[in-house]
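One structure below.
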Amino acid sequence: MDNREIENKLTSLEGIGEKIAKEIIDIVNLGYSPKLEKLQKELPQNLKEGQQQKFLLGLALPLANEYIKILNKCTGVKKVEIVGEVRRRKEIVSSIDLLLILDRPLEDKISFIGKFGIPVNIYLSSTEKIGYNKIIHTGSEKHLELLKELGLTAREGTEEEVYSSLGLEYIPPYLREGRQEILLAKERMLPKLISIGNIKGDLHIHTNYSDGLSPMEDLAKEAIRLGYQYIAITDHSQSLKIAKGLTKERIIKQWKEIDNLQKSLNIRILKGIEVDILSDGSLDFDDDFLAQFDVVVASVHSNFKQGKGEMTSRIIKAIQNPHVDIIGHLTGRLLLKRNPYELDIEEIFQVAKNEKIAFEINSSPDRLDLKTEHLWKAKKLGIKIAINTDSHSRIELANIILGVGVAQRGYLEEKDIINCWEIEELERYLRG
Ligand SMILES: [Zn+2]
Ligand SMILES: [Zn+2]
């Protein structure tokens, strides 16, 4: 639809009127953050021109929230909610879907191409059928097929009431993939999923000492604003020259700055490092030095092309180092851009289950690494997870919502995630 078609369609609908029509036209042309624009521009051409375009959740989710802010201001609109793949927190989505709830019986759909070329669908719903409409527009198709087998029909009520009428407990959108959620909901055995409010800190953050943009103080203050109890400052280690990796001397200088800042701010600042796992699996600092950090994140940043066996033993060696607490972005994938490196995840997890090690869900919009399937395996083996942002600027601390989405899709609960723990419990774990 072009702008005029949308406007005509909208104004012809009873209860919508010119104001909403104008607002929707406005959001089609909304301006957006340069960082996200850059991410989208870097996507391969074939993805941009292909029939079924794909978009990062990290791009679609904030955009959907911007649309909602605008639409919520319109008279006649009772509520606007995210539905579809974005609500299910799929890492890659093909559209933004919104449900516009009105206080009159009206069912319709408005579609247009939004910012970055993302198709946007706005579904209209009456208040009475809100639950049913949220369910069918959230999907997934497989989930809906299973619900239809149980007798799903267009009835009134909330989502909870619709699920309950089918003999099921409420199924959170993140689990609606047609896997095992229906069986679990029948037995009232769904996990009590982690939510963003459970996050108590962020354990992977870069400052302007290495390749980050923000000074430590700005990051700490933003973390306080987010309600965190703690953060870990984890700049790059010396051999990662391209990212201004820190020498021992500069780290000791940073520790002094942390000690000073700690006196004036009401948040625990952990002394951390993102230490490079070198090609042979050894680490970029000696053990005596690593022992002095509160948190050690170990990650691969070089030599991605190693064979499966070599890369697997490289990472296992790092896991077995007693000073390493977290393995950062395990598979190295960059969504829509770079495949994960060759790895035997099964073998890695078999070793890890007997070690004191957590694996990271990296919340960068283009990583979201680990992925859902890995989390199911990890959870079964009792392996702990840390949800980190790997922030390189203050604003990126908000990306935690993306990592939380991955954890939710992975059936994870508060107890599985070390940065959902109180600071005392976390410090005991890190020291242990
Ligand atoms: Zn890294
Ligand atoms: Zn990092």
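The first residue of the sequence shown is numbered 1, and numbering continues consecutively from there. Counting convention: from 1, in listed order, for ligands and their atoms alike.
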Can we say Glu425 and Arg428 salt-bridge, meaning some charged N sits less than 4.0 Å from an Asp/Glu carboxylate O?
no
Does Trp255 have its ring centroid less than 6.0 Å away from the ring centroid of Phe293?
yes
Salt bridge between Arg409 and Glu177, side-chain N to carboxylate O under 4.0 Å?
yes
List-wise, which protein N, O or S atoms are found short of 2.8 Å from the Zn ion (ligand 1)?
Glu274 OE2, His301 NE2, His329 NE2
Heavy-atom check, side chain of Glu257 versus side chain of Tyr209, under 4.5 Å
yes
Quick one: which residue pairs count as a ring-ring contact (aromatic ring centres under 6.0 Å, His included) with a foot in residues 351-372, not counting sequence neighbours?
Phe349-Phe359
Arg88 with Glu181: basic N within carboxylate O range, under 4.0 Å:
no
